[in-house]
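Below is one structure, written out as structure tokens; comments come after it.
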Amino acid sequence: MKILKLNFIKLRLLLIVLTFIELSYFVILFVNIKLSVYLDYIFKVNLIMAITHLIVTGVFIWFIWKKLPRGNKNKIDNTLMILFLGLIGMWLWLPNKNEIKKQNKNSTV
């Protein structure tokens, strides 16, 4: 179960990077409209952010369906939460340290 804990740490780091990227873009969008239009026109930042968000969402959904030892009902609920709530849903789904310890105890017994 150490592998599962390491996978959760990797997912948390991936989610931190995605959150930082999206929040920094939103700050630029609200603070400097000209810069955000320039970034969108020259570098297609909207497209890059959308693709990055979809890739991270895909990684989370893949992890839910392939790596977690849970029932199908729970997997469907988690997938729908991530799909409809996006970044906030990923933060809500990600278990904290106490939940990981509890899951490790349940799976080893």
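The two residues Arg70 and Asn78 come nearest to each other via the heavy atoms NH1-ND2, 3.4 Å. Ile64 approaches Lys75 most closely through the heavy-atom pair O-CE, 3.5 Å. Annotation for Val45 and Leu39: closest pair CG2-O, 3.4 Å, computed over non-hydrogen atoms. Taking each heavy atom of Ile33 and Leu29 in turn, the nearest pair found is CD1-O, 3.4 Å.
For the pair Val17/Val56, no side-chain contact is recorded, criterion being any heavy-atom separation below 4.5 Å from C-beta on. Inter-residue side-chain proximity for Leu87 and Leu15 is flagged as met; some heavy-atom pair is nearer than 4.5 Å. Contact check for Leu47 versus Asp40: no side-chain heavy atoms found under the 4.5 Å cut-off.
Between the CD1 atom of Ile76 and the CE atom of Met81 there is a distance of 14.0 Å, given to the nearest 0.5 Å. How far CD1 of Ile3 is from NZ of Lys10: 9.0 Å, rounded to the nearest 0.5 Å.
No path of Ile, Leu, Val, Met, Phe, Trp and Tyr side chains, each step under 4.5 Å between heavy atoms, connects Phe20 with Met49, placing them in separate hydrophobic clusters. Placement of Val59 and Leu80 within a single hydrophobic cluster is found when ILVMFWY residues are connected by side-chain heavy-atom separations under 4.5 Å, directly or transitively. By the criterion of side-chain heavy atoms lying less than 4.5 angstrom apart, applied directly or through intervening Ile, Leu, Val, Met, Phe, Trp or Tyr residues, Leu4 is grouped together with Ile82 in one hydrophobic cluster. Linking ILVMFWY side-chain heavy atoms closer than 4.5 Å, directly or via other members, places Ile88 and Leu14 in a single hydrophobic cluster. Following chains of ILVMFWY side-chain contacts shorter than 4.5 Å, one cannot reach Ile16 starting from Leu23, and the two form parts of different hydrophobic clusters.
For the side-chain contact (heavy atoms from CB on, under 4.5 Å) criterion with Ile51, the lone passing option out of Ile48, Leu54, Ile55 is Ile55.
Remark: Thr19 pairs with Trp91 by the side chain to side chain donor-acceptor pair (under 3.5 Å) rule, at least two apart or across chains.
The closest donor-acceptor contact from the side chain of Arg12 to the backbone of Pro95 lies under 3.5 Å.
The list of ring-ring contact (aromatic ring centres under 6.0 Å, His included) pairs with a residue in residues 25-76, not counting sequence neighbours, reads Phe8-Phe63, Phe60-Trp93.
Within a 6.0 Å radius of CD1 in Ile28, other residues, nucleotides and ligands contribute more than 12 heavy atoms.
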Where do Met90 and Leu18 land on the side chain to side chain contact (heavy atoms under 4.5 Å, CB included) test, with the steps shown first? CA-CA 11 Å; Met90 287 183 241; Leu18 180 67; 4.3 Å; yes
